[in-house]
Structure formats: structure tokens, C-alpha cells
Asker: 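Sharing a structure below in C-alpha cells format, with a few things to ask.
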Amino acid sequence: MPLKIFSYPSKRAETYLNKLLNRVETFPTKKEKYVKSIGDKVKKFGDKALLEYTHIFDKVSLNPSDLKVKETEIEKAYQEVSEELVSAIRLAVGKVKRFHGQHLPTSWFIKQEKEVLLGQLVTPVEAAGIYIPGGTSGETPLISTVVMTAVPAKLAGVKRIVMVSPPRKDGSLHPGLLVAAKEAGVDEIYKVGGPWSIFGLAYGTETLPKVDVICGPGNIYVTIAKKLVSSQVGIDILAGPSEVLIIADETANSEFVVWDLLAQAEHDPMSLAVLVTTSSSLIKEVKKLLPLALKKGLRSEIAEKALKQRGAVFKVRTLEEAFYLANIIAPEHLELMITNPMDHLFKIKNAGAVFLGAFTPEAVGDYIAGPNHVLPTMGLARFSSSLSPEKFLKKINFIQYSKEALVNEASKVILLAETENLPSHAEAIRVRIKTLKKGNL
């Protein structure tokens with residue numbers, strides 16, 4: 001079996017656990033330099049660089065006028081996909097809207113004594129870019145990612161949502177992506193991907209508009225590009241490989257456990273798939289079923305590599321130990337296949353998203369449950385949250401003091417300013433107080 005099995009606590013388990021805890025992705029200097037050179041070229045040459053890199057890496061020759069998807073292409077896409085797929089996309093869009101619509105922040109103010117008005121303006125960014133990977137030659141359309149990135153931006157009130165995605169060999173985008181973009185509220189779609197598209201969105205080119213926030217997953221080169229532009233535009237997260245940790249007791253269904261582990265392992269050879277259980281009999285069943293399931297999987301080669309590199313089973317004595325491990329690993333997805341999972345919900349301190357019970361596989365969260373599937377990985381759930389409309393919103397504080405309020409607090413402001421050795425700050429208060437005393441205001 002590709003999964004390593006550990007008894008916890010033990011020295012061997014601690015050694016492997018430390019490996020998992022240090023899984024933060026570092027970017028090789030050579031790759032960073034290379035990606036930076038792409039960015040420099042995009043900044044200097046604009047569309048010409050976008051087209052050149054698309055030709056070199058995607059093997060597609062486009063003209064500048066081909067970059068932007070035309071309305072006729074979107075109309076055609078609706079004819080090329082099934083009604084069932086359109087219906088599924090609409091269901092997903094509706095559920096994500098409903099979930100994120102529950103916690104939209106709004107502008108507010110409070111009035112204090114002496115006529116002091118304080119508050120916060122909540123306003124959307126002008127333009128947002130969403131990056132949608134092309135998958136295998138553009139034939140693995142990440143429709144769910146379109147929904148999960150575009151819908152929160154739309155709910156936030158972003159007026160210009162721009163989607164980029166690498167073209168297929170014939171220069172088109174998968175019709176499912178185009179339909180999803182239309183249904184989710186994307187305003188403009190461009191046939192360009194890779195790190196060069198990230199730089200194009202950050203800097204703007206003759207065709208590609210400059211945006212304020214860039215969201216969406218990608219390979220290591222795309223992630224490096226997002227890191228390099230993060231001082232100039234907002235980004236969601238620097239995402240690593242997908243992760244799942246399953247806490248299971250003796251009531252867990254072994255088939256459910258196996259397929260949920262594989263559902264994450266099939267994403268990437270570096271995906272993390274961990275089972276933490278109190279049940280020795282469950283471990284025996286998983287050992288028996290996992291090799292059989294791998295034989296059935298279409299992406300079994302990827303999944304097996306992931307399980308060998310970042311897969312593990314921890315046999316613990318109690319659920320308290322299980323939750324301790326989950327909290328220090330801080331997984332992207334945490335599944336609770338235990339009796340009465342809701343009773344244990346508040347034991348969770350660090351996780352991107354939690355899936356409660358045997359009939360809540362992580363897969364429903366990927367597509368139609370409603371909560372966002374753009375989640376922190378690499379242990380960043382210790383301090384990060386999922387993508388939400390707030391990523392596309394700015395909060396601007398405002399203050400208004402009356403004459404009386406300023407007079408009342410002037411001496412304290414002057415004292416603090418002088419203590420910090422900032423005399424002009426203090427004088428800015430004094431001149432107003434002097435003017436008021438003279439009766440000139």
C-alpha cells in the first residue's frame with residue numbers, strides 16, 4: 001500500500017509529522033528569475049510578448065484581435081454543451097451566490113459625543129482578474145473555478161471582471177468555460193494563460209486590461225508570477241497542491257474514506273492525503289481497498305505518487321489526539337467521518353473548510369455546496385481564510401470632528417505628537433485652537 005502507517009504518538013510518527021508541517025512551498029531561485037524575465041518582457045512589449053509566449057508554450061498562433069473572446073463564440077458555446085451541464089452550472093452559481101451573499105460587509109458609521117462621526121466606507125475594486133488553468137491541453141475545463149472566483153467578485157460589486165485562460169490547440173476555449181463565465185457574470189474573456197497572462201493583468205497591455213486584484217489557481221510558474229506582482233495588485237493566496245485530512249472513527253465507511261483520499265491525491269503528485277483514525281479495523285480495510293481503487297482510477301498514476309510522497313495514516317488513541325494533529329497540520333480540507341461530528345466542530349481551530357459526516361464528501365464542496373473552494377493550503381489555514389467577496393472590497397475609514405470635539409481632545413493630541421517628536425502634528429492642532437479662540441471660525 002502506498003500510504004505510510006504510523007502509530008501516534010511515536011518517534012517515527014513525529015518525524016513524518018514534521019515533514020508535513022514544513023510543507024510550505026519554496027520557489028527555486030532559477031524559476032523565480034525566469035518568471036521575472038517573462039514579466040519584464042510583458043511589461044516592455046505588451047501584446048507582442050503575450051502572443052509570443054502563447055505560441056511557444058501553448059503551440060497556438062494568435063493575432064491581437066483573436067485574444068478577446070467574441071460574443072458569437074459564447075453564443076456558440078451554449079449550443080455545444082448539454083442542457084444538463086448548463087443546469088448544473090446555474091445550480092452552482094446560485095448556491096455560491098446564496099452562501100456568499102449572507103456575509104457581505106457594508107459601509108457603516110457611528111456618532112459619538114461632542115459630534116464626532118466615525119465610520120467605514122466599503123467599496124469594490126474597479127477591476128478584477130480571474131485566472132483559470134487550462135488543464136490537459138485545455139480539455140480539462142475547471143468550470144467550478146470560474147464560478148468560485150467570478151461570483152464573489154460580482155457580489156462585491158466589481159464592475160469589470162476579466163477572465164484569462166490558455167487556449168486549446170485550435171485557438172479556442174472550452175465551451176464549458178465560456179458558459180460558466182457568462183453565467184457567473186464575467187465581463188471579458190481572453191485566450192491567454194501562463195505566467196505571462198498574470199503579468200498582463202497586473203501591468204495592462206494594448207488588449208489586456210490592468211486589474212486591481214488577481215485570483216485563481218495555477219502551476220508553480222503562475223504562482224510565482226502572482227507572488228512577483230503582489231506588491232502592485234491584490235492576490236488571493238499563493239496556492240500549493242490540494243490537501244485533505246480525514247478524521248475517522250470505527251463507524252466510518254472504508255470505501256468512502258478511500259475514495260475521498262484519492263479525490264485529493266488525483267489532483268497533483270504533491271497533493272496531501274492523510275487519514276487520522278482511532279480504528280485499527282478501519283486501517284485494515286483501507287489497506288485492502290486502496291490498491292483496488294487505484295486500479296480503477298483514471299488518474300491513478302498521479303494519485304499513487306501523491307500517496308507515496310505526502311500520504312499517511314496516523315493511528316491515534318483518542319479523538320482528542322486526532323483533533324490535535326488536524327489543528328497543527330491545518331489542512332485545506334478537513335473531513336469528519338465520526339459519530340455526531342457537529343459535537344466536535346468547535347474543536348477545530350485550523351482548516352480551510354470542514355466537511356461533516358459520511359455524506360458530505362469534499363467533492364460537493366468543490367462544485368455545488370456553496371462555500372468557496374479557493375482555500376488556503378500548505379498550513380496557511382492557521383491565519384488565512386477562503387476566497388470571499390471581501391477580497392474584492394476595500395474598507396476606507398472616515399472621520400469628522402466638530403469644533404467642540406477638537407477643542408475637547410486637542411491637548412491629548414498635542415501631548416502625543418510632541419512625545420513622538422512630531423512638532424508639525426502638534427502645531428496643526430494648535431493653529432486651529434488659536435483660530436477658534438480668536439473667534440475667526
Side-chain angles (χ1 to χ4, degrees), residues 20 22-43 49-50 53-54 56-58 128-136 138 140 142 144-146 148-150 152-153 162-166 190 192-203 208 211-243 264-272 302 305-306 309-310 330-333 352 366 372-387 391-392:
L20 297 183
N22 291 302
R23 68 191 185 277
V24 174
E25 192 163 359
T26 54
F27 304 118
T29 304
K30 274 189 178 180
K31 286 186 178 177
E32 275 212 37
K33 284 183 178 177
Y34 177 63
V35 174
K36 185 180 182 302
S37 72
I38 292 174
D40 292 341
K41 198 164 183 179
V42 172
K43 196 170 189 178
L50 297 183
Y53 286 120
T54 300
I56 292 170
F57 292 100
D58 296 322
I130 61 173
Y131 182 86
I132 309 299
T136 309
T140 311
L142 294 183
S144 58
T145 303
V146 179
M148 295 291 179
T149 49
V162 180
M163 178 177 123
V164 295
S165 190
Y190 293 87
V192 60
W196 48 96
S197 69
I198 300 296
F199 291 115
L201 289 171
Y203 304 140
L208 204 57
V211 301
D212 304 302
V213 174
I214 301 173
C215 293
N219 62 22
I220 187 170
Y221 299 99
V222 169
T223 304
I224 291 172
K226 286 170 70 177
K227 176 189 172 187
L228 292 174
V229 301
S230 62
S231 62
Q232 300 169 65
V233 295
I235 63 168
D236 47 358
I237 50 175
L238 296 176
S242 192
E243 304 173 350
Q264 293 309 300
E266 71 178 356
H267 275 293
D268 188 286
M270 293 302 290
S271 292
L272 181 144
I302 294 170
K305 281 182 182 177
Q309 292 185 92
R310 284 185 174 174
E332 178 187 18
H333 307 103
D366 273 347
N372 210 284
H373 80 196
V374 179
L375 300 165
T377 59
M378 304 184 292
L380 303 186
R382 291 179 296 108
F383 54 84
S384 298
S385 305
S386 70
L387 182 64
K391 177 55 65 176
F392 306 96

Asker: Between CG of L387 and CG of D236, what distance do you get to the nearest 0.5 Å?
Answerer: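 L387 CG to D236 CG: 6.0 Å, rounded to 0.5 Å.
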
Asker: Checking F57 now: which residues fulfil ring-ring contact (aromatic ring centres under 6.0 Å, His included) with it, not counting sequence neighbours?
Answerer: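 Partners of F57 under the ring-ring contact (aromatic ring centres under 6.0 Å, His included) test: W196.
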
Asker: Does M270 offer a backbone N or O that forms a donor-acceptor pair with the side chain of K305 under 3.5 Å?
Answerer: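 No: the side chain of K305 does not pair with the backbone of M270.
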
Asker: Tell me, do F199 and L228 make a side-chain contact under 4.5 Å, heavy atoms counted?
Answerer: yes

Asker: Over all heavy atoms of both residues, which pair between A381 and A330 is shortest? Give the atoms and the distance, please.
Answerer: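 What the structure gives for the nearest pair is CB-O, 3.9 Å.
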
Asker: With E243 as reference, evaluate R310, R23, Q264 under the side-chain hydrogen bond (donor to acceptor under 3.5 Å, both in side chains) test and give the passing residue.
Answerer: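 It is R23, the one option of R310, R23, Q264 that forms the side-chain hydrogen bond (donor to acceptor under 3.5 Å, both in side chains) with E243.
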
Asker: Answer whether the closest heavy-atom distance between the side chains of P28 and I220 falls below 4.5 Å.
Answerer: yes

Asker: How about I237 and L380: do any of their side-chain heavy atoms sit closer than 4.5 Å?
Answerer: no

Asker: Evaluate the side-chain proximity of T149 to I132: yes if any heavy-atom separation is below 4.5 Å, no if none is.
Answerer: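 A side-chain contact under 4.5 Å exists here.
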
Asker: Please check this pair: side chain of K226 against backbone of G216, looking for a donor-acceptor N/O pair closer than 3.5 Å.
Answerer: yes

Asker: Between the side chains of T377 and E332, is a donor N or O closer than 3.5 angstrom to an acceptor N or O?
Answerer: no

Asker: Quick check: closest heavy atoms across L238 and T223, and the distance to 0.1 Å?
Answerer: CD2-O, 3.6 Å

Asker: Residues in side-chain hydrogen bond (donor to acceptor under 3.5 Å, both in side chains) with Y131, at least two apart?
Answerer: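 If we apply the side-chain hydrogen bond (donor to acceptor under 3.5 Å, both in side chains) test to Y131, skipping adjacent residues, there are no hits.
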
Asker: Working to the nearest 0.5 angstrom, can you tell me the gap between Q232 CD and I214 CD1?
Answerer: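 These two atoms lie 9.5 Å from each other.
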
Asker: For the pair C215 and M148, evaluate side chain to side chain contact (heavy atoms under 4.5 Å, CB included) and give the outcome as yes or no after the intermediate values.
Answerer: CA-CA 10 Å; C215 293; M148 295 291 179; over 6 Å; no

Asker: Taking all heavy atoms of G194 and all of V222, pick out the closest pair and write down the distance.
Answerer: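 So the two residues come closest at C-CG2, 3.8 Å.
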
Asker: Between Q309 and P269 (side chain of the first, backbone of the second, donor and acceptor by atom type, cut-off under 3.5 Å), is there such a pair?
Answerer: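 Such a contact is found between Q309 side chain and P269 backbone.
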
Asker: In Å and rounded to the nearest 0.5 Å, what is the CG to OG distance from D366 to S144?
Answerer: 6.0 Å

Asker: Which heavy atom of S197 sits nearest a heavy atom of L208, and at what distance?
Answerer: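 Nearest pair, atom of S197 first, then L208: O-CD2, 3.9 Å.
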
Asker: In sequence, state the C-alpha distance, the side-chain angles, and the governing distance for Y53 and V192, and then conclude on side chain to side chain contact (heavy atoms under 4.5 Å, CB included).
Answerer: CA-CA 9 Å; Y53 286 120; V192 60; over 6 Å; no

Asker: List for me each residue that meets side-chain hydrogen bond (donor to acceptor under 3.5 Å, both in side chains) alongside K227, sequence neighbours excluded, and say none if there are none.
Answerer: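 Partners of K227 under the side-chain hydrogen bond (donor to acceptor under 3.5 Å, both in side chains) test: E32.
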
Asker: Which heavy atom of I130 sits nearest a heavy atom of A150, and at what distance?
Answerer: CD1-CB, 3.9 Å

Asker: State whether the number of non-hydrogen atoms from other residues, nucleotides or ligands found under 6.0 Å of Y221 atom OH is greater than 12.
Answerer: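 No.
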
Asker: Mind listing the closest non-hydrogen atom pair of A265 and S271 along with its distance?
Answerer: CA-CB, 4.0 Å

Asker: Looking at CE of M378 and CG of L272, how far apart are the two atoms once the value is rounded to the nearest 0.5 Å?
Answerer: 12.0 Å

Asker: Within this structure, what is the OG-CG distance for the pair S385 and N372, rounded to the nearest 0.5 Å?
Answerer: 11.5 Å

